[in-house]
Amino acid sequence: MLQESLTGGNLDPLYCALSHYRRRNFEKCRIICSELLDKNPYDQVIWALKMKSMTAEVMVDDIEAEEEGIAELVLDNDTLAQAPRPGTSLRTSATAQTPGQAFRPRGQSGRPISGVTRPGTQSTAATSLEQALKTPRTARSARPVTSQAARTVRLGTASMLSQPDGPFIQVARLNLANYATKDNISKPLFQYIYYHENDISNAMDLAVEATKACQFKDWWWKVQLGKCYFSLGLTRDAEQQFRSALKQNPTIEALLRLTRVYVRLDQPLSALDVCRAGLDTFPGEVTLMTEMARILEGLNNIPASVKYYKEILQKDATNIEAIACIGVNHFYSDQPEVALRFYRRLLQMGLYSAELFNNLGLCCFFAQQYDMTLSCFERALSLAVDENAADVWYNISHIAIGIGDLRLATQCLQLSISVDRNHAPAYNNLGVLEHNRGNTLQARGYFQAAASLAPYLYEPHYNQATLSSTAGDLQTSYVVVQKGLKAYPAHSGSQALLKELEKHFSNL
Amino acid sequence: MASLRISLSMQQPWIDAYSDPKAEIRTFSSCLTLGDLNGDNEYKLILADLGSGSGHVKLKVYKGTSLSSEIVLLDFPSAVVSIYTDTNEPRIPGLAVSCGCHVLVYRNCRPYFKFCMPSIEASSLEADLWRQKSQTTQMVRLLQELADEIGYSNLSAPSQTLLALEPNMRDEFLNKNRHHLIKKQTVITCMTAIKKSLSDEKSVSCIILATENYQVFILDPEAFVIMDKFPVPCVASMISALGLYAVDYRVLLASRAGKIFLLKAGVTVPVAHLASHPVGLILHTLSFTIATMNGNLQSYSTKGIKQWSTTLPGAPVDVCCVPLQGLALNLVAVSVSTDSGGSILLYSGPQLMHSFNTPTPVSALVFGRYGQEEHALCSVTTGGALSVKLLKRTANFGNGEKAPMISGSQPHNIKLLVPKKTRLFVEQTLRERDQCREMHNWFQKAWLDLGVSVSEAYLNGLRSTSVCERESLKLTAQVLGLGPRLKIQLFLENLAPDYVPAGLAVTFLYDPKLYTIHKTYIPVPMLVPGLTVSLETLVTCELGVASPLQVLVFASRLLLTAVINMPPATATLV
C-alpha cells in the first residue's frame with residue numbers, strides 16, 4: 001500500500017525519489033531510497049540521494065546561526081589588546097557616540113539597542129570568566145557554552161533522534177581517503193557528515209583528503225575546510241582557507257564566512273574591508289550590505305549603518321531587518337513620526353508580534369497620536385509572552401509617567417520586575433519614583449539592585465551618586481559616580497558631580 | 001576632558017629597561033629609594049611593599065631585572081632612606097626605615113641597629129592617677145575627665161586603651177598594667193636625609209625626622225644620638241631638606257592642613273598656606289615646588305612669595321626631583337592620573353619639557369642611579385606594576401613641549417543634533433488640531449481601560465505573589481556554572497525601612513525528574529533593611545532538558561515567587 005502511494009503506480013522509483021526530493025518531501029524520498037538500497041546496497045546514486053535528502057531535512061542556513069559561546073569568548077588563545085584603539089573593536093563599548101547614550105539606550109548585552117534581535121546582539125562582551133559565566137545566564141537566553149553546542153541545541157541534531165535500524169552510515173568505519181577521490185559522492189557525503197551527523201572532526205578529515213585529491217584546485221572544498229576550521233575554533237586557518245577559495249572563485253558564501261572569521265577575531269575593520277571588496281564583485285548584494293550594516297552598528301557608527309540599511313531597502317523593499325533598524329534610528333533621533341511609518345510598513349508586511357505593537361505604541365505616544373497609543377499597547381500585552389511582557393510593562397510605565405499617573409507607573413514597573421527579575425531599568429525607575437515619594441532608603445536599594453544587575457547602565461550609578469552626595473556620603477558618591485562615568489564617559493551630569501566632589505576633597 | 005599630546009618632534013628619550021606588570025607592589029614615593037647596598041657600584045632599588053593588607057609588609061631589594069632579597073617588616077613603614085652611616089671601607093650604606101616610633105637600620109640586608117624615639121613623660125596628673133591605685137570605675141571616670149580637659153590624643157597609650165576597652169575587660173587590663181610606667185610614644189611621620197659635613201656622593205648623612213608630637217629631630221648616623229631637636233607648630237606630613245648639616249641647611253615641612261614651614265638656623269617660619277592639599281613638595285636652593293590636589297603645580301620662593309603656577313592635565317599623584325647635571329637641568333617629574341590612565345610630565349620651572357603616558361597612574365617615582373646607569377626613573381603604578389626606564393645619554397629636551405591642550409569646545413560652538421521637524425509631523429499636528437476632541441476622548445477611555453487591566457494584572461500578581469507590596473522584598477537570582485551541576489544564587493533584600501520580617505524561608509518548585517536540588521529548604525536570617533542576604537544551593541541536572549524553576553519565599557504564608565530560567569546543562573549534551 002505504502003509503496004504504491006509513494007511511487008505513484010508504475011513510475012521508476014528512482015525518478016519518484018528524485019521528484020520527492022525536488023518537491024522537498026524528504027521523508028518520502030528517504031523511504032523510497034531505503035527500499036531501493038535494501039534491494040541493491042551498492043547503488044551509489046540511491047545512496048547519494050538518500051544522504052542528500054537526510055542532510056536537507058536537518059540543514060539550516062548556518063551563516064546566520066552564529067553565536068559566540070562562553071568557551072570562544074573566554075578561553076581563546078589569541079590574547080587581544082586589553083585597550084584597543086577606539087573604533088577598532090567590537091568588544092569595547094564604542095566611544096564615538098554620535099547620538100549619545102542618553103538618547104539611545106543599551107540592550108541586555110550592554111550594546112546600543114538594535115532594531116532586530118540577532119544571535120550577536122544578545123551576547124555580552126565579558127571581560128572576566130566570572131562575568132562570562134554569570135551575566136548571560138541571568139539574561140533571558142542562557143548563553144551556550146560553545147557555539148558548537150549552540151547549534152546542536154538549536155537544530156536538534158539528527159544524530160540524537162533515534163534511528164530504528166542503526167545509523168545510516170557508520171562514519172567511523174568509512175575509508176575517507178577512498179571516498180574523497182570520488183568527486184560525485186564526496187560532496188554529499190561531506191554535507192551529510194557535517195550537517196546530519198554534526199561530526200566536525202570527521203568532516204574535516206574528509207575535506208582535507210578531498211582537497212588533496214583535487215590538488216588544491218577546488219574552491220568548494222576550501223570553503224568547507226574553512227567552515228570546519230572555524231567551528232573548531234581555528235580561526236586563523238579558516239581565514240587562510242576562505243582567502244584561498246576567494247582567490248579561485250569569489251562567492252558570497254565565502255565572503256560572508258570570511259567576515260564572520262574577522263568578527264570572531266574582533267577585527268571589524270578587516271571584516272568591513274572584505275565586504276567592500278565583495279561589493280565590487282557583487283554590486284548591490286543585500287547579504288553583504290546587511291553584514292556591513294551590522295558590523296557598523298556593532299561599532300556604534302549608527303549613521304553609516306543606517307546608510308547601508310537604506311541602500312538595502314532600495315534593492316529589497318521588504319527587508320525586515322533594514323526597516324526595523326532604520327525605524328529604531330529615527331525613533332532615537334527624535335523623529336518618532338518617521339519611525340511610525342517604518343513600523344506601519346512592517347505591520348502591513350504581515351508581522352504581528354508584541355515587539356512591533358510595543359514599538360508602534362511608543363512611536364504613537366511620542367508623535368502625539370494619542371488615540372492609537374493605548375490600543376497598540378493593549379495588543380502588545382495580549383501578544384506578549386514571558387520576558388517580552390516585562391518590556392511592554394516597562395514601556396507602559398513610561399506612558400504613565402508621561403501622563404503623571406505615578407501610582408500606575410509604579411504598579412507597571414513592579415509587574416515588569418515580577419515578570420523579569422533582572423530588569424535593571426525597571427529597578428532604576430522604581431528607585432526614582434520611590435525617591436520622589438521621599439523613601440530614600442528604598443530608592444537606594446533599587447538603584448543598587450539596578451547597578452549590580454546592569455553595570456553598563458549609567459543611570460543607576462548617577463542616581464545613587466546624587467542621592468549619596470545629597471545625604472553627605474561623599475566617599476560613596478565619588479566611587480559610584482566614577483562607575484557611572486565608566487559606563488558613559490560623556491555624561492555631563494556625572495562629570496559635573498565628579499567635579500563638585502573633587503572640589504570638596506581637594507580644597508582646604 | 002583633557003588629552004595629552006605627545007610630541008612627535010622629539011624622539012622618545014627613554015629606554016624601557018625593565019618592567020614587571022605583575023609585580024603586585026603597593027608603595028609610595030617615601031618608601032622608594034636607590035642605593036649601592038653592597039658597595040659594588042651596582043645600585044639597587046629598595047622599596048617597602050605595603051602589601052594588599054593580608055600579608056606582611058616587606059622590604060624588597062631589586063637588583064638589575066630581578067628581586068634580589070626580601071626582608072619582612074613588622075609594622076607599616078613611613079619612609080625608607082639609604083644613607084652612609086660611617087666612613088669605613090668598603091663603603092656600604094645603611095638602610096634606614098622609619099616604623100612607628102623606631103628607626104630600623106639595615107646593613108647588607110641584615111638588621112644592624114634599632115633606634116627608638118625618646119618617650120615623652122605623660123602629664124603629671126595622668127601619672128598620678130595611675131599611681132593612686134583607685135577603683136576601676138573611678139579611674140575611668142577621672143581619666144575621662146582628664147581626656148576632656150587635655151584631649152584624648154594627649155593621653156598615654158595605656159590610658160587610651162583603657163578608655164577604649166569594653167567595661168568588663170577594663171579590670172583585667174588595669175591589673176596587668178598598673179605597675180607599668182606611664183609614658184607616651186610618638187610616631188614618626190616622615191623622614192629624609194642630608195649630608196653631614198661633606199657634599200660628596202658617598203659622605204656620611206644625617207637623618208631628619210618629623211614626629212606626631214610637633215617636633216623635628218636630627219640624628220647623628222655614626223652614634224645614633226639626637227643632635228638637634230626643634231619644636232614645630234604643626235605635624236609635618238611631608239619633608240624635604242637641602243644643605244649640609246655642619247654648614248647650613250634648610251628643612252621644608254608641609255602640614256596636613258596645607259601649611260608650609262621652613263626650618264632654618266633652628267627657627268621655624270611659616271612661608272605659605274595652600275588653598276588645597278599638598279601632594280608632593282621639592283625644595284630647591286631658593287624656591288620650592290609643590291603639587292596640590294586641585295591639579296596645580298606651584299612654585300614659591302623660600303620667602304613665601306608665589307612665583308608661578310601651572311595647571312596639570314590631571315590630578316597629581318606624586319612628584320620627584322630629576323636632576324640632570326649634564327644638561328644643566330633640574331627637572332621636576334610629576335605623575336598625574338588622567339581619564340585615560342596616567343602620565344608622567346617633566347617640568348623645568350613652569351615649562352613642560354617632556355611627557356609620556358602610562359597605562360595606569362604612577363603612585364611612586366624615584367630618579368637616580370640604578371645598576372651602572374646614571375639616570376634611571378623607577379616607578380610603581382597604582383596597579384602594582386614596576387617599571388625602570390633609562391634616560392638615553394643623547395637625550396636632549398630642547399625647548400620643551402607646548403603645554404598639553406585642554407580640549408573641549410566652547411559652549412557656543414557645540415552644535416545640537418536636533419533634527420528638523422518633518423512634513424509628516426506637521427501633517428500629524430494638523431490632524432491633531434482638527435480632531436482634538438475625538439483623540440482626547442479616545443485616549444481617556446483607553447487609559448481608563450488600561451488602568452483597569454493594569455490593576456487586574458497587579459492584583460493577579462499579588463495573588464500569585466509574584467509581586468509583593470507590604471514586605472517590599474527584592475529577590476534577584478543568578479545561575480552559575482556550566483552544568484550538569486549548577487549553583488543558584490539568590491539575593492534577598494528588604495526595602496521597607498520600618499519593618500523587619502523574620503522567620504522567612506526559601507524553597508523551590510521544580511520537576512524532580514529534571515533537577516535535584518541539594519538544599520530544598522533554605523532558612524533566611526533576619527532581613528535588616530538595606531542589607532542583602534545571599535542564599536545559594538547546588539542543583540544537579542538529571543537530563544539534558546531545561547525547564548524553568550520557581551523560587552518561593554514564605555513565612556506563614558507565601559510572600560514572593562520568582563521564576564528562574566535554567567540554562568541547558570551542557571555536559572549531558574556534548
Side-chain angles (χ1 to χ4, degrees), chain A residues 70 83 98-99 133-134 137-138 140-146 148-149 152-153 333-335 337-338 341 367-371 373-375 377-378 381 393 396 400 403 405 408 411-412 414-415 417-419 421-422 427 434 439 441-442 444-446 448-449 452-453 489 502-503 505-508, chain B residues 1 257-258 274-277 292-295 315 339 359 417-419 422 424-425 428-429 432 438-440 442-443 446-447 449-451 453-455 457-458 461 466-467 469 472 474-482 493 495-497 529-530 532 546 562-568 570 573-574:
Chain A
I70 294 172
T98 14
L133 290 182
K134 192 168 69 182
R137 295 313 173 106
T138 58
R140 49 205 58 182
S141 63
R143 180 200 281 273
V145 176
T146 64
Q148 206 47 47
T152 331
V153 172
S333 50
D334 206 17
Q335 291 181 318
E337 67 280 358
V338 186
R341 275 215 156 164
Q368 302 172 22
Q369 303 300 307
Y370 298 117
D371 46 348
T373 310
L374 296 176
S375 53
F377 275 115
E378 267 167 16
L381 267 185
W393 284 124
I396 293 177
I403 286 164
D405 193 343
L408 197 75
Q411 286 185 352
C412 287
Q414 273 173 347
L415 280 170
I417 290 170
S418 79
V419 179
R421 293 259 156 222
N422 297 313
Y427 276 116
E434 287 296 337
N439 301 337
L441 196 73
Q442 239 165 325
R444 186 190 296 255
Y446 282 126
Q448 275 168 355
S452 66
L453 288 172
E502 271 173 356
K503 222 180 267 170
F505 289 136
S506 69
N507 285 8
L508 281 164
Chain B
M1 246 205 277
L274 303 175
S276 178
H277 288 282
T292 53
M293 231 173 113
N294 56 2
D339 298 334
L417 282 168
V418 181
T422 50
L424 206 63
F425 181 78
Q428 285 183 352
T429 333
E432 202 185 335
E438 289 87 346
M439 281 173 86
H440 181 76
W442 256 108
F443 183 73
W447 185 244
D449 285 351
L450 191 75
S453 52
V454 168
S455 300
Y458 192 70
S466 57
V467 182
E469 196 184 32
S472 60
K474 193 190 80 196
L475 176 70
T476 46
Q478 283 181 344
V479 184
L480 304 177
L482 302 175
E493 194 180 339
L495 295 171
T532 309
V563 178
I564 305 177
N565 290 325
M566 296 295 281
T570 311
L573 270 175
V574 174

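This one's a predicted model, so the numbers in the text were calculated from it and none came from an experiment. Labels below follow one simple rule: chain letters A, B, ... track the order of the sequence lines, proteins then strands, and each chain is numbered from 1.
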Practice task
Report the residues that fulfil salt bridge (Lys or Arg N to Asp or Glu O under 4.0 Å) with D334(A), sequence neighbours left out, ordered by chain and then residue number.
Solution key: none
Exercise for the section: Take L453(A) and T476(B) through the side-chain contact (heavy atoms from CB on, under 4.5 Å) test and state the conclusion after the steps. Expected result: CA-CA 9 Å; L453(A) 288 172; T476(B) 46; 4.1 Å; yes
Problem - Heavy-atom pair with the smallest gap, counting every atom of Q368(A) and M439(B) - result: O-CE, 3.5 Å
Exercise for the section: Let me know if S455(B) has heavy atoms under 4.5 Å from chain A in its side chain, its backbone, both or neither. Expected result: both
Exercise for the section: For chain B, find which of E434(A), R444(A), Q335(A) contributes the most heavy-atom pairs closer than 4.5 angstrom. Expected result: Q335(A)
Problem - Most contacts with chain A, counted as non-hydrogen pairs under 4.5 angstrom, among G258(B), A275(B), A446(B) - result: A275(B)
Practice task
Enter the distance from I396(A):CD1 to S453(B):OG here, rounded to the nearest 0.5 Å.
Solution key: 7.0 Å
Problem - Segment of I403(A) engaging chain B (4.5 angstrom heavy-atom cut-off) - result: side chain
Practice task
Under 4.5 Å heavy-atom distance to chain B, tell me which part of R341(A) shows up: side chain, backbone, both or neither.
Solution key: side chain
Problem - Distance (rounded to the nearest 0.5 Å) between L450(B) CG and S375(A) OG - result: 10.5 Å
Exercise for the section: Please determine, by modelled atom types, if T422(B) and E337(A) share a side-chain donor-acceptor pair under 3.5 angstrom. Expected result: yes
Practice task
Tell me, for E432(B) versus chain A, whether the close heavy atoms (under 4.5 Å) come from the side chain, the backbone, both or neither.
Solution key: side chain
Exercise for the section: Start with the C-alpha gap between V454(B) and W393(A), add the side-chain angles, then the distance that decides, and say whether side-chain contact (heavy atoms from CB on, under 4.5 Å) holds. Expected result: CA-CA 9 Å; V454(B) 168; W393(A) 284 124; 3.6 Å; yes
Practice task
Would you mind checking which part of Y427(A) comes under 4.5 Å of any heavy atom in chain B, side chain (CB onward), backbone (N, CA, C, O), both or neither?
Solution key: side chain
Practice task
Indicate the atoms forming the closest heavy-atom contact of Y458(B) with Q411(A), along with that distance.
Solution key: CD2-NE2, 3.8 Å
Fill in the blank from the handout: Honestly, the part of A257(B) sitting under 4.5 Å from a heavy atom of chain A is backbone
Handout entry: Minimum heavy-atom distance between S506(A) and S276(B), given as atom pair plus value
Key = O-OG, 2.7 Å
Handout entry: Atom of W447(B), atom of A400(A) and distance for their closest heavy-atom approach
Key = CH2-CA, 3.6 Å
Completion exercise
Sequence neighbours excluded, the answer for ring pair (Phe, Tyr, Trp, His ring centres under 6.0 Å) partners of Y370(A) is F365(A), F443(B)
Practice task
Could you pull out the closest heavy-atom pair between G445(A) and E493(B), with the gap in Å?
Solution key: CA-OE2, 3.9 Å
